[in-house]
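Here is the structure we will look at, set down as structure tokens.
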Amino acid sequence: MPSLLCLRGELVVVGKSPDGDSIRFRPRQPELIRGLVNGDRARPSSDGTFQLRLDGIDTPETHYNGLAQPLGAAARDELLAWVGFSDLRWAGGEVSASTPASIPAAILTGLVDVNGRPVAFLAVGGGLPDDGVQAEVDLSATANAALLRSGAAYGTFYASTAPELRDAMRGLAREARTAGLGVWPDDASRGFTLSSQASIGPEGSLILPKLFRRCTDYLRSRNSRETLSEWMGRMGDQQDDEVSVGGAAPVRFRTLISQAGDKIALDADPLDLVFDEK
């Protein structure tokens with residue numbers, strides 16, 4: 001497997017709003033983040049923590065602009081339990097107390113995304129690589145793999161991730177889908193009704209989180225009679241990613257979406273998609 005920079009530190013959730021694919025991490029040597037690709041994008045909070053984006057996975061939203069999806073809380077709780085937090089108390093969408101207060105962890109990372117988050121493979125427990133060294137990714141020991149294996153997360157892949165890692169994660173996601181685990185029995189990305197936010201909300205259709213975010217923003221800012229694809233085209237790179245399907249030349253995400261009235265479909269297998277990193 002490819003090697004990435006190992007950063008040792010601790011996970012922190014009190015006063016934070018973690019979800020299934022993003023959690024806050026305080027590195028021992030925060031200056032090392034500046035050496036990552038696009039490291040200048042990273043901005044720590046006042047307590048020295050950075051929001052992570054777990055590479056290769058996307059879990060149903062718990063609080064995208066205050067809005068949520070089915071199974072979002074379940075994925076969040078699975079991640080928190082996997083890393084070792086328990087007895088969590090919540091207040092206003094934030095963790096007010098946890099046992100323990102923090103957990104030693106390591107991330108393997110190579111870049112910072114457009115939102116300022118290190119894109120990382122997350123591991124806890126013994127046998128972690130040393131801080132500040134290049135280390136081979138042991139995918140099986142990561143939270144990323146655990147959530148794909150259980151079906152709690154969709155596989156969502158980017159060209160910035162090494163092909164060997166993408167292939168391995170895609171295999172885990174396909175096994176979970178074949179077994180009917182987690183999100184997969186409920187996934188309606190290939191055909192759903194978008195009549196209102198409630199139709200894709202916590203009691204509505206479960207769809208690929210990246211598509212949920214586009215649909216949510218579309219409902220808020222579309223013009224009269226404008227289709228989702230038309231709206232994405234008008235919004236440009238902000239909403240209309242470049243994506244490769246099954247290794248073919250990149251196309252725009254909007255070209256993979258069809259619509260008839262309020263019926264919308266993603267006309268591609270989500271696990272065949274590889275998005276360009278912005």
Side-chain angles (χ1 to χ4, degrees), residues 17 19-22 57-78 93 147-148 150-158 170 173-174 176-246 248 250-275:
S17 298
D19 58 24
D21 56 28
S22 190
I57 70 173
D58 205 0
T59 59
E61 294 288 348
T62 58
H63 52 264
Y64 179 71
N65 291 333
L67 300 168
Q69 293 185 266
L71 302 183
R76 175 201 65 200
D77 294 347
E78 182 170 328
L147 270 72
L148 288 171
S150 72
Y154 286 87
T156 301
F157 310 116
Y158 285 82
R170 184 179 291 111
R174 284 180 171 154
R177 183 167 65 182
T178 298
L181 300 177
V183 300
W184 296 112
D186 295 332
D187 176 47
S189 303
R190 302 298 293 270
F192 61 97
T193 298
L194 185 65
S195 56
S196 66
Q197 188 64 44
S199 67
I200 54 170
E203 305 303 321
S205 296
L206 175 63
I207 59 176
L208 187 71
K210 184 180 282 288
L211 184 55
F212 170 83
R213 295 188 288 271
R214 303 297 179 272
C215 288
T216 295
D217 294 344
Y218 163 69
L219 289 172
R220 287 177 165 172
S221 62
R222 61 180 169 175
N223 292 332
S224 177
R225 294 185 298 279
E226 188 176 35
T227 68
L228 175 60
S229 295
E230 290 168 346
W231 173 83
M232 290 171 66
R234 180 167 62 85
M235 298 301 293
D237 290 345
Q238 179 183 356
Q239 299 285 357
D240 194 17
D241 309 65
E242 282 202 335
V243 56
S244 174
V245 183
V251 297
R252 288 292 179 173
F253 191 26
R254 71 175 185 272
T255 67
L256 306 179
I257 296 169
S258 60
Q259 182 170 353
D262 60 4
K263 308 298 183 184
I264 293 179
L266 175 61
D267 298 324
D269 184 341
L271 298 181
D272 286 341
L273 306 182
V274 177
F275 292 91

Self-check item: Test: R177 and D187 ion pair at under 4.0 Å
Solution: no

Exercise. Report yes or no: does S244 contribute a side-chain atom to a donor-acceptor pair with the main-chain N or O of V274 at less than 3.5 Å?
Key: no

Self-check item: Polar side chain donor-acceptor pair, D21 to Y154, under 3.5 angstrom
Solution: no

Practice problem: Work out which heavy atom in A68 is nearest to a heavy atom in P202; give both atom names and the distance. | Solution: O-CD, 3.4 Å

Quiz item: Is there a side-chain contact between T156 and P270, using heavy atoms and a 4.5 Å cut-off?
Solution: no

Quiz item: Nearest heavy-atom pair of P185 and G180: which atoms, and what distance?
Solution: CG-O, 3.0 Å

Self-check item: Considering all heavy atoms, the nearest H63-S17 contact
Solution: CE1-O, 3.2 Å

Self-check item: Within-4.5 Å side-chain heavy-atom neighbours: L219 and W231
Solution: no

Practice problem: Report the distance from atom CD of Q239 to atom CZ of R234, rounding to the nearest 0.5 Å. | Solution: 10.5 Å

Quiz item: Can you tell if the side chain of R214 reaches within under 4.5 Å of the side chain of I257, non-hydrogen atoms only?
Solution: no

Quiz prompt | Shortest non-hydrogen contact from E226 toward Y218 | solution = O-OH, 2.6 Å

Exercise. Among I207, L211, L67, find the residue that satisfies the side chain to side chain contact (heavy atoms under 4.5 Å, CB included) test when tested with I200.
Key: I207

Practice problem: In sequence, state the C-alpha distance, the side-chain angles, and the governing distance for L181 and S150, and then conclude on side chain to side chain contact (heavy atoms under 4.5 Å, CB included). | Solution: CA-CA 6 Å; L181 300 177; S150 72; 5.8 Å; no

Quiz item: Rounded to the nearest 0.5 Å, how far does SG of C215 lie from CZ of R220?
Solution: 13.0 Å

Quiz prompt | Nearest heavy atoms of T59 and A152, plus distance in Å | solution = CG2-O, 3.9 Å

Quiz item: Is R190 reaching over with its side chain to a backbone N or O of L266, donor-acceptor style, under 3.5 angstrom?
Solution: yes

Exercise. Determine whether the side chains of S258 and D267 contain a donor N or O and an acceptor N or O closer than 3.5 Å.
Key: yes

Quiz item: Can you list every ring-ring contact (aromatic ring centres under 6.0 Å, His included) pair that touches residues 188-214, not counting sequence neighbours?
Solution: none

Practice problem: Please confirm whether the backbone N or O of T193 pairs with a side-chain atom of S199, one donor and one acceptor, at under 3.5 Å? | Solution: yes

Quiz item: Side-chain contact, heavy-atom cut-off 4.5 Å: V243 with V251?
Solution: yes

Practice problem: State, yes or no, whether a side-chain contact exists between D217 and M235 at a heavy-atom distance under 4.5 Å. | Solution: no

Quiz item: What's the spacing between M232 CE and L256 CG if we round to 0.5 Å?
Solution: 8.5 Å

Practice problem: Please report the closest heavy-atom contact between P70 and G204, naming both atoms and the distance. | Solution: CG-O, 3.5 Å

Practice problem: Test side chain to side chain contact (heavy atoms under 4.5 Å, CB included) on L273 and K210 and set out the steps. | Solution: CA-CA 12 Å; L273 306 182; K210 184 180 282 288; over 6 Å; no

Quiz prompt | Backbone N/O of D240 and side chain of R252: donor-acceptor pair under 3.5 Å | solution = yes

Self-check item: Interatomic distance, L228 atom CG to I264 atom CD1 [nearest 0.5 angstrom]
Solution: 5.0 Å

Quiz item: Within 45° of the axis and under 6.0 Å from the centre of the six-membered ring of F157, does NZ or CZ of R170 qualify?
Solution: yes

Practice problem: Answer whether the closest heavy-atom distance between the side chains of D58 and R213 falls below 4.5 Å. | Solution: yes

Exercise. Tell me, please, which residues at least two apart from Q259 pass side-chain hydrogen bond (donor to acceptor under 3.5 Å, both in side chains).
Key: none

Quiz item: Looking at side-chain heavy atoms only, is the closest gap between Q197 and T216 below 4.5 Å?
Solution: yes

